[in-house]
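Heads up, the thing below is written out as C-alpha cells.
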2 protein chains.
Amino acid sequence: MAEDALTRTRNLFIRRWGEMGATWGISRTMAEIHALLFLTGEPFCTDDIMEQLQVSRGNASMNLRHLVNWGLIRRTHLRGDRKEYFISDLDAWQMFETITRERRRREVEPIIETIDRCRKDLATEMDGLDADKQTEAKRYDEKLEDMIEFIHAVNALLDTVLSSGGGKIRKLTGALMRFAAGVRQTGS
Amino acid sequence: MAEDALTRTRNLFIRRWGEMGATWGISRTMAEIHALLFLTGEPFCTDDIMEQLQVSRGNASMNLRHLVNWGLIRRTHLRGDRKEYFISDLDAWQMFETITRERRRREVEPIIETIDRCRKDLATEMDGLDADKQTEAKRYDEKLEDMIEFIHAVNALLDTVLSSGGGKIRKLTGALMRFAAGVRQTGS
DNA sequence: CAATTGTTTCAGATATTAATGAAACCACCC
DNA sequence: GGGTGGTTTCATTAATATCTGAAACAATTG
C-alpha cells in the first residue's frame, strides 16, 4: 500500500533510534521524539507528538524541553496558529557537535576535576607515607596521569574534528590516514 | 593518617568512575570493579572485590564476567592459590579501543543495518507512490543518506585513530590540527 | 474579565534494571 | 565417592528511571 512504505520506514527508524538512545544515557522517548523531528524535518506540536508516539502530554512536554535544552531542536511557530511547534534543523554533524559538547561538559569535566583532586591529594600526603605506601601512591599517580593525558588527547582530537566542520571531514580523515600510515612506517 | 590518602584517592576515583559508567550504558558496579582493578593494577579475587566494594557475590561474579566478555579485564591465577583472580592490564588507549570496538559492534552496526533496510524499503516502493509521497520519501532518503555518510566518516576516523595506537596520538592530533587549519583557510 | 487554548508541573503508578543470597554446580584432591 | 574450595545461577527483592494524567498555570481573545 502506498502510505505504508513511508510510515513503516519512519516507525522503524524511530524505534531503533530510540533503542540506541536508551543504551546511551538518553531516554527512549527523548530519542524517539528527536528521530521523528529529524527524519521528517517538519514542525510538530505537542499534540502531534503525543499522537505519533503514543505518549502522554507530560512526557512529551518534558522531553521536548530537554531536547531544547540540549540544543537539538528548537521552538518555532506557524503563522495563524497559536501553538508552539518544534523542529529539528541540524544535520548529522551539527547534532554530533552539540551532543559532544554537552556530554563533555556534563560528564568529562567532572571526572577531570576528580582526577586532579585525587592527584593533588596524593601529592600533599606523599611525604607522610612510609616507603611501601609511597611506591603504591606513585603507581596510582601514574595511572591517573595516563588517564588525564588520554582524556586531553581525545579532547584535542575532538576539538579539531568538530571545529573543522562536517563538510571537511573526508579531507581530514584522508589526511589523517596518510599521516598515520607514515607514522606507522617510521615507528613511534 | 598515612593509609588514608591512598584509600581516599582510591575510593573517590572508584565512585566517580562508577557514576560515569552509569551515565553510559555500564552498570555502576561494573564500572567500579573496573576502576578498582585499573587503578591498583593488582589481581583481585571475587572475595576481595566483595569486600572492597561491599557487593554481593552474585553481583561481583556477574559483573566480572561481563568485564571479561568486554575484554576489559582478564582472569589470572596466583601460584599456590586455587582461586581465580582478575586483573586489568590495559592502558587507557587500549581500553578505549576495546570499548569502541565493542560498542560499535553492538550498537552502531545494527543502526546501519536499520537505515540500509529503510532506504531499500523506500526505494522499492517508490514507484507505487503518488507525487507528494514521492517528494516526502525523497526527503527521508536524503536524511538517511546523510546519517549513513556521517556514521561511515566517524568510523573511518576512529579506525585511523585506533590503528595508530596511543603512543602516536599526539603526533596525529598535531598533524590533524595543522591540516584542519589549512582546510579552514582555503575553504572547503 | 471570563472563556478559550495551550503549556508546564508534579505526585503517584508503572516498568525497567540492578543487587542479593541461598542453592546448585563444578573440579579437584584424598 | 565424599569432602573441600571455589564459581555460577536464578528467583526474589530493592532501587531507579520513566510515564501518566489531572490540576495548576499562562497567555490570548472576544
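If you're wondering where the values come from, they're calculated on a predicted model, not measured in any experiment. Below, chain A is the first sequence line, B the second, and so on; all start at residue 1.
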Verdict with reasoning, B:H34 to B:W70, per side-chain contact (heavy atoms from CB on, under 4.5 Å): CA-CA 11 Å; B:H34 179 255; B:W70 274 70; over 6 Å; no

[X] has an atom [atom1]; how far is it from atom [atom2] of [N], in whole Å?
| X | N | atom1 | atom2 | result |
| --- | --- | --- | --- | --- |
| A:W24 | C:dT17 | CH2 | P | 18 Å |
| B:Y85 | D:dG5 | OH | P | 14 Å |
| A:D47 | C:dT7 | CG | P | 7 Å |
| B:R82 | C:dC26 | CZ | P | 15 Å |
| B:H77 | C:dA27 | NE2 | P | 13 Å |
| A:R75 | C:dG6 | CZ | C1' | 12 Å |
| A:E84 | D:dA26 | CD | C1' | 12 Å |
| A:L64 | C:dT8 | CG | P | 9 Å |

Cationic N near anionic O, under 4.0 Å, A:R139 to A:E142: no

A:F150 and B:W93 aromatic ring geometry - parallel, tilted or perpendicular at 30°/60° bounds: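 Judged by the thresholds at 30° and 60°, the geometry between B:W93 and A:F150 is perpendicular.
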
Any residue meeting side chain to side chain donor-acceptor pair (under 3.5 Å) with A:T40, in chain and number order, not counting sequence neighbours: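 Here no residue qualifies.
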
Measure across [X] and [Y] and return the closest heavy-atom pair with its distance rounded to 0.1 Å.
| X | Y | value |
| --- | --- | --- |
| B:A60 | B:I33 | O-CD1, 4.1 Å |
| A:D141 | A:L122 | N-CD1, 4.1 Å |
| A:Q94 | A:L90 | OE1-CA, 3.2 Å |

Contact under 4.0 Å: A:T29 side-chain N or O vs D:dC19 OP1/OP2: yes

First encountered from the 5' end of DNA chain C, between A:T46 and B:I26: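 Final value for this comparison: A:T46.
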
Would you mind telling me which of [options] lies closest to the side-chain atoms of [X]?
| X | options | result |
| --- | --- | --- |
| A:N63 | D:dG6, C:dG6, D:dC19 | D:dC19 |
| A:K83 | C:dT7, D:dT28, D:dT4 | C:dT7 |
| A:D81 | C:dT7, C:dG6, C:dA27 | C:dG6 |

Residues in contact with DNA chain C, drawn from residues 54-62 of chain A - heavy-atom cutoff 4.0 Å: A:R57, A:G58, A:S61

Pairwise 5' ranking along DNA chain D for B:R28 and A:R28, keeping only the more 5' one: B:R28

